[in-house]
Amino acid sequence: MRLALAQINNTVGDLEANAAKILDFAAQADQAQADAVIFPELALTGYPPRDLVEKQSFLDRTAAVLEAVAQQSAHLKTALILGYVARSPEHAAIRAQNAAAVLHHGEIVFKQVKMLLPNYDVFDEARYFLPGSSQELCHLCGEKVAIAICEDGWNDKQFWERRRYKRDPIEELAHKGAQLIVSINASPWNIGKRHEREEIFRATAKRFGLPLVYVHMVGGNDQLVFDGSSFAMTASGHVAAQAKSFEEDLILFDTATGQGEDHSNHLTGDEAAFHALVLGTRDYIRKCGFRKVLVGLSGGIDSALVAAIAVEAVGKENVTGIGMPGPHSSEHSLTDARCLAHNLGIRFEVVSINAGYNSTVKTLSPLFTGYASDTTEENLQSRLRGLTLMALSNKFGSLVLTTGNKSEIAVGYCTLYGDMCGGLAVISDVPKTMVYRLARVANQHLQAAIPENTFTKPPSAELRPDQRDTDSLPEYPVLDAILEGYIEHYRTVPEIASQLNIAEDLVRDIVRKVDRNEYKRQQAAPGLRITRKAFGVGRRFPIAHRFTE
């Protein structure tokens, strides 16, 4: 068969627009004389639809739009394989199923229901979908095709030391005589994910001696980023066709010859992470209905990176930087911010918070009499900056991008209703040490827009005289190593201290800070996930609890 792999960027719930995109890519595949064009998991509805599936109107409209796609593609010789949300059988307690449909000659000729429903990390599918109880091979163009929906293909007993499910849907279909494996996916990206999925499916192709097609979603939906990177493999596990990463794409693969198109842009490491953040930021802004964004520019590395990502995401004409000097701001904080804005070509405005700060302190002074200055006065500055950004956001309809990194958010080195104000926390899953690396990547894309002084000066919140981040925290390489051990690997204090050869008291202090600041993180703006364990949707701890390490 001549197959087209169509990785598309859809929008959750935008059924008509998603259908139009599917039909457009199907027409391109038909023009390329493909026998079938394959779309990702939930291509029609978007992933994850979450509680939309609880609405009967959503299920009804999805069914109607699927029928419309079938009818409107009737003139094509090419068959369509796509994911959608199906209604569950009548009287089922769970209303919806995660399904795939095959459309040909104006009809829905085959349906398959996802059997394995992930319920870990960022996934919550057991809440929303009724699993399939059985499956059959699809007969397409004279071949027997095994259609697997994402998790159905991630349970190879010869690959995993510990399997999550007793059943292996691909094994069952292979034993029924499958001649081709088609896997449609919406598998959120994180660092290292592309290599992992290729290894998993290479093992599957070699195990059953069958060609395999992996079609993946691309784009950002809320906190999740999907990288595309679709591929096709021969029965020997050789990658014969590859699509681009972080872009929509259409590639062809011939199962008979084992030949296919290679569009891969081979993005890995920090370069891939930068592209993921740009894509996630662009899609969050546009899919939420915004065009323009605001970034508070402090002259520091975090806000510089966020501004650079924003320019790459939506263009310099849609980004405004706001400098907000306060009573303890250094001269270089404003000059570096101004230099960055000039280099990026973005609008830059300065709004001093000094008058507001002095007025607020004066207003509160009768109540503060007898109390020394402390973090209260520091947080006032941060909150006045948050107030300024949100006022500008309301007046001009621009989305505020927050600039806190994962290291700061982990230990609570951030201010509620201050620097945490905003609609999207772009780098909230980026450890501080990675911020510096990604800023170097940004400079490769943007002609060294971030000034060198921003890289070399000591990090500071500048909320008191001569303040440095290291006044409150260990050096960032040490902090990030502790946080990785505790947050991503759930290691204990003694394990982390032993592994890093540092004092247990230091590790315990950082761990306490992480645990104590859960209440802040649960009030933060949604952030883009790029690591295996991001705050937010992928890490769910109670706020009020008393378990301690």
Side-chain angles (χ1 to χ4, degrees), residues 281 284-300 302-311 313-330 333-338 340-342 344-365 367-368 375-405 408-409 413-428 461-464 520-527:
T281 300
Y284 188 89
I285 293 166
R286 291 179 177 173
K287 292 178 183 181
C288 288
F290 291 91
R291 290 181 54 251
K292 297 182 179 294
V293 296
L294 297 169
V295 183
L297 297 183
S298 67
D302 298 320
S303 61
L305 175 59
V306 171
I309 290 170
V311 167
V314 294
K316 61 186 179 182
E317 68 279 6
N318 293 314
V319 181
T320 299
I322 309 295
M324 295 169 284
H328 305 296
S329 296
S330 60
S333 67
L334 196 56
T335 57
D336 286 347
R338 193 184 301 277
L340 170 74
H342 176 268
L344 290 173
I346 65 174
R347 179 182 175 185
F348 181 64
E349 302 290 348
V350 177
V351 182
S352 173
I353 65 165
N354 282 325
Y357 176 75
N358 293 332
S359 175
T360 304
V361 169
K362 182 178 179 181
T363 299
L364 292 171
S365 61
L367 298 175
F368 287 1
T375 54
T376 305
E377 284 74 15
E378 293 181 25
N379 288 340
L380 276 177
Q381 298 166 64
S382 182
R383 288 177 177 136
L384 283 166
R385 291 184 173 114
L387 182 151
T388 300
L389 288 171
M390 294 312 299
L392 294 172
S393 172
N394 290 160
K395 184 63 69 177
F396 301 114
S398 299
L399 182 73
V400 175
L401 304 181
T402 72
T403 60
N405 62 66
E408 296 170 346
I409 292 169
Y413 195 61
C414 49
T415 305
L416 273 175
Y417 327 119
D419 57 332
M420 295 177 72
C421 281
L424 177 67
V426 175
I427 59 171
S428 63
E462 295 191 332
L463 298 177
R464 61 175 183 266
K520 284 188 180 180
R521 291 189 291 272
Q522 292 202 26
Q523 297 180 69

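Index from 1, following the sequence.
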Report yes or no: does [X] contribute a side-chain atom to a donor-acceptor pair with the main-chain N or O of [Y] at less than 3.5 Å?
X	Y	result
Y284	G423	yes
S382	D419	yes
S303	S298	yes
R385	G296	no
T363	S359	yes
S428	N405	no
R383	L416	yes

Quick one: pull up OG1 in T375 and CG in L380 and give me the separation to the nearest 0.5 Å.
10.0 Å
Using the salt bridge (charged side-chain N to carboxylate O under 4.0 Å, His left out) criterion, which residues pair with E378? Sequence neighbours excluded.
R464
List in chain and number order the residues that pass salt bridge (charged side-chain N to carboxylate O under 4.0 Å, His left out) with D302, two or more places apart in sequence or in another chain; answer none if no residue qualifies.
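Here the qualifying residues are K432.
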Using only heavy-atom distances, determine whether the side chains of Y417 and Q523 contain a donor-acceptor pair under 3.5 Å.
yes
Are the side chains of K520 and I409 in touch, meaning some heavy atoms are under 4.5 Å apart?
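No, side chains not in contact.
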Side chain to side chain, F396 and T320, heavy atoms closer than 4.5 Å:
no
L424: which of V306, V293, L401, T402 passes side-chain contact (heavy atoms from CB on, under 4.5 Å):
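The option that passes is L401.
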Could you tell me which residues satisfy side chain to side chain contact (heavy atoms under 4.5 Å, CB included) with K316, sequence neighbours excluded, listed by chain and number?
V311, I346
